[in-house]
Amino acid sequence: MRYSECDQQGVVFNGQYLFFYDVAITELFRERVGPYQEMVDGGHDLVVAEARIRFVEGARFDEELDIALPVEHLGTTSMIIRPEFRVGERLIADGEVRHVFVDPATLRKTPMPDRVRAALG
């Protein structure tokens, strides 16, 4: 963890975890689905509908945080990911994030693209 991500107690500030999650899911899509912009250009975007993080233990300055993104559920227009944040074997935080696929022009719900379902299933 970088110094600027820590609070006065020397632990990672709680608000950083959703930022870390966003970076991790961007990399997940890049690896499994392809460039995110291609999905948007094809008429599908992804928004967060719900996010819950449970804090177990604080990560500290200069520790390396690993983030696992198990896909819990692939619905018609939504998906649920259960992130796990770890330092080594220590569970730092976990949670649940529900995303909804939307049309980027109207922001109305739209079915998940087949290629995304295949890549994440």
Side-chain angles (χ1 to χ4, degrees):
M1 306 313 329
R2 295 170 287 222
Y3 183 78
S4 64
E5 296 163 338
C6 297
D7 61 19
Q8 291 182 340
Q9 290 85 31
V11 298
V12 174
F13 177 65
N14 63 66
Q16 293 290 338
Y17 287 88
L18 286 175
F19 174 77
F20 298 153
Y21 172 82
D22 188 62
V23 171
I25 195 166
T26 298
E27 293 306 317
L28 174 72
F29 264 71
R30 186 185 326 268
E31 180 181 309
R32 292 201 191 164
V33 178
Y36 192 84
Q37 190 61 46
E38 284 181 12
M39 186 176 76
V40 173
D41 292 343
H44 296 89
D45 203 352
L46 195 59
V47 297
V48 173
E50 291 181 71
R52 180 184 57 80
I53 302 291
R54 178 180 70 108
F55 300 99
V56 177
E57 182 180 334
R60 298 189 171 276
F61 171 68
D62 210 27
E63 290 185 319
E64 189 171 315
L65 188 69
D66 292 314
I67 305 169
L69 298 178
V71 178
E72 172 84 8
H73 174 75
L74 296 173
T76 303
T77 62
S78 67
M79 68 179 187
I80 296 173
I81 296 181
R82 298 189 52 86
E84 297 172 357
F85 303 85
R86 293 183 182 276
V87 171
E89 296 297 317
R90 292 176 17 231
L91 178 64
I92 302 301
D94 60 12
E96 182 175 287
V97 182
R98 184 170 60 91
H99 296 269
V100 175
F101 288 86
V102 298
D103 178 310
T106 65
L107 298 181
R108 292 182 190 254
K109 286 197 281 187
T110 187
M112 181 185 310
D114 291 336
R115 72 184 185 101
V116 173
R117 183 178 304 283
L120 300 179

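Computed from a prediction, not measured in an experiment: that's the story for all the values here. Because only heavy atoms are used, hydrogens play no part in the values below, and waters and symmetry mates are left out as well, while side chains stay in.
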Asker: For the residue pair Y21 and H99, categorise the inter-ring angle as parallel (less than 30°), tilted (30 to 60°) or perpendicular (more than 60°).
Answerer: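 Parallel.
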
Asker: Is the side chain of R117 donor-acceptor paired with the backbone N or O of G75 at a distance under 3.5 Å, no angle test?
Answerer: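 Side chain of R117 to backbone of G75, a donor-acceptor pair under 3.5 Å: yes, one is there.
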
Asker: Taking all non-hydrogen atoms of both residues into account, name the closest pair between L18 and A51 and its distance.
Answerer: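 Answer, listing the atom of L18 first, then A51: CD2-CB, 4.1 Å.
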
Asker: In sequence, state the C-alpha distance, the side-chain angles, and the governing distance for R32 and R115, and then conclude on side chain to side chain contact (heavy atoms under 4.5 Å, CB included).
Answerer: CA-CA 10 Å; R32 292 201 191 164; R115 72 184 185 101; over 6 Å; no

Asker: Tell me, do M79 and L120 make a side-chain contact under 4.5 Å, heavy atoms counted?
Answerer: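 A side-chain contact under 4.5 Å exists here.
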
Asker: From L69 CG over to I25 CD1, what is the distance, rounded to the nearest 0.5 angstrom?
Answerer: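 Interatomic distance, L69 CG to I25 CD1, rounded to 0.5 Å: 6.5 Å.
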
Asker: For the residue pair L46 and Y36, what are the closest heavy atoms and their distance?
Answerer: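 Result for this residue pair: N-OH, 3.0 Å.
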
Asker: Report the C-alpha distance between E27 and R30 in whole Å, list the side-chain angles of each, state the deciding distance to 0.1 Å, and finish with yes or no for salt bridge (Lys or Arg N to Asp or Glu O under 4.0 Å).
Answerer: CA-CA 5 Å; E27 293 306 317; R30 186 185 326 268; 3.1 Å; yes

Asker: Do the non-hydrogen side-chain atoms of V56 and F85 ever get within less than 4.5 Å of each other?
Answerer: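 Not in contact.
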
Asker: Tell me if the CG atom of D114 is crowded by more than 12 foreign heavy atoms within 6.0 Å.
Answerer: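 For D114, atom CG is not crowded (no more than 12 foreign heavy atoms under 6.0 Å).
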
Asker: Hydrophobic cluster membership, with links at side-chain heavy-atom distances under 4.5 Å among I/L/V/M/F/W/Y: are V48 and F29 in one?
Answerer: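 Looking at the clustering, F29 is in the same group as V48.
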
Asker: Are side-chain heavy atoms of R52 and R98 found at a separation under 4.5 Å?
Answerer: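 The answer is no; the side chains never approach within 4.5 Å.
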
Asker: Out of curiosity, T110 OG1 to D45 CG, how far, rounded to the nearest 0.5 Å?
Answerer: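 The OG1 atom of T110 sits 11.0 Å away from the CG atom of D45.
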
Asker: Search all heavy atoms of A49 against all heavy atoms of V100 and return the closest pair with its distance.
Answerer: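 A49 and V100 have their closest heavy atoms at CB-CG2, 3.7 Å.
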
Asker: Are V23 and V33 linked, directly or through intermediate hydrophobic residues, by side-chain heavy-atom contacts shorter than 4.5 Å (ILVMFWY only)?
Answerer: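 Yes; V23 is reachable from V33 via cluster members.
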
Asker: Decide salt bridge (Lys or Arg N to Asp or Glu O under 4.0 Å) for E63 and R90; before the verdict, give the C-alpha distance in whole Å, the side-chain angles of both, and the deciding distance to 0.1 Å.
Answerer: CA-CA 11 Å; E63 290 185 319; R90 292 176 17 231; 2.9 Å; yes

Asker: Check whether any side-chain heavy atom of V116 sits under 4.5 Å from a side-chain heavy atom of F101, and report yes or no.
Answerer: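 Heavy-atom side-chain distance check passes, below 4.5 Å.
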
Asker: So which atom in P104 and which in V40 form the shortest heavy-atom distance, rounded to 0.1 Å?
Answerer: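 Looking at all heavy atoms of both residues, the closest pair is CG-O, 3.6 Å.
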
Asker: Could you measure the distance from the CG atom of D103 to the NE2 atom of H44? Nearest 0.5 Å is fine.
Answerer: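 So the CG of D103 and the NE2 of H44 are separated by 8.0 Å.
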
Asker: Should I80 and I53 be regarded as members of a common hydrophobic cluster, given that ILVMFWY residues are connected when their side-chain heavy atoms come within less than 4.5 Å of each other, either directly or indirectly?
Answerer: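 Per the 4.5 Å side-chain linkage, I80 and I53 are not co-clustered.
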
Asker: With a 4.5 Å limit on heavy-atom distance, are the side chains of Y17 and L65 in contact?
Answerer: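 Yes - at least one pair of side-chain heavy atoms lies under 4.5 Å apart.
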
Asker: Measure the spacing between CE of M39 and CE of M112 and express it to the nearest 0.5 Å.
Answerer: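 Rounded to the nearest 0.5 Å, the CE-CE separation comes out at 9.5 Å.
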
Asker: When you compare the side chain of E50 with that of V97, does any pair of heavy atoms fall below 4.5 Å?
Answerer: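 No; the side chains remain at least 4.5 Å from each other.
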
Asker: Atom OG1 of T76 and atom NZ of K109: how far apart are they, to the nearest 0.5 Å?
Answerer: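 Result: 9.5 Å between the selected atoms.
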
Asker: Of all the heavy-atom pairs spanning L91 and D94, show the shortest one and how long it is.
Answerer: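 For L91 and D94, the tightest heavy-atom pair comes out as CD2-OD2, 3.9 Å.
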
Asker: Measure the shortest side-chain to side-chain distance between I67 and F20 over non-hydrogen atoms and say whether it is less than 4.5 angstrom.
Answerer: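 Side chain of I67 against side chain of F20, heavy atoms only: contact under 4.5 Å found.
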
Asker: Decide yes or no for V87 and D66: does some side-chain heavy atom of the first lie under 4.5 Å from some side-chain heavy atom of the second?
Answerer: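 With C-beta onward as the side chain, the pair stays apart.
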
Asker: To the closest 0.5 Å, what do you measure between CD (E96) and NE2 (H73)?
Answerer: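 If we round to the nearest 0.5 Å, E96:CD and H73:NE2 are 10.0 Å apart.
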
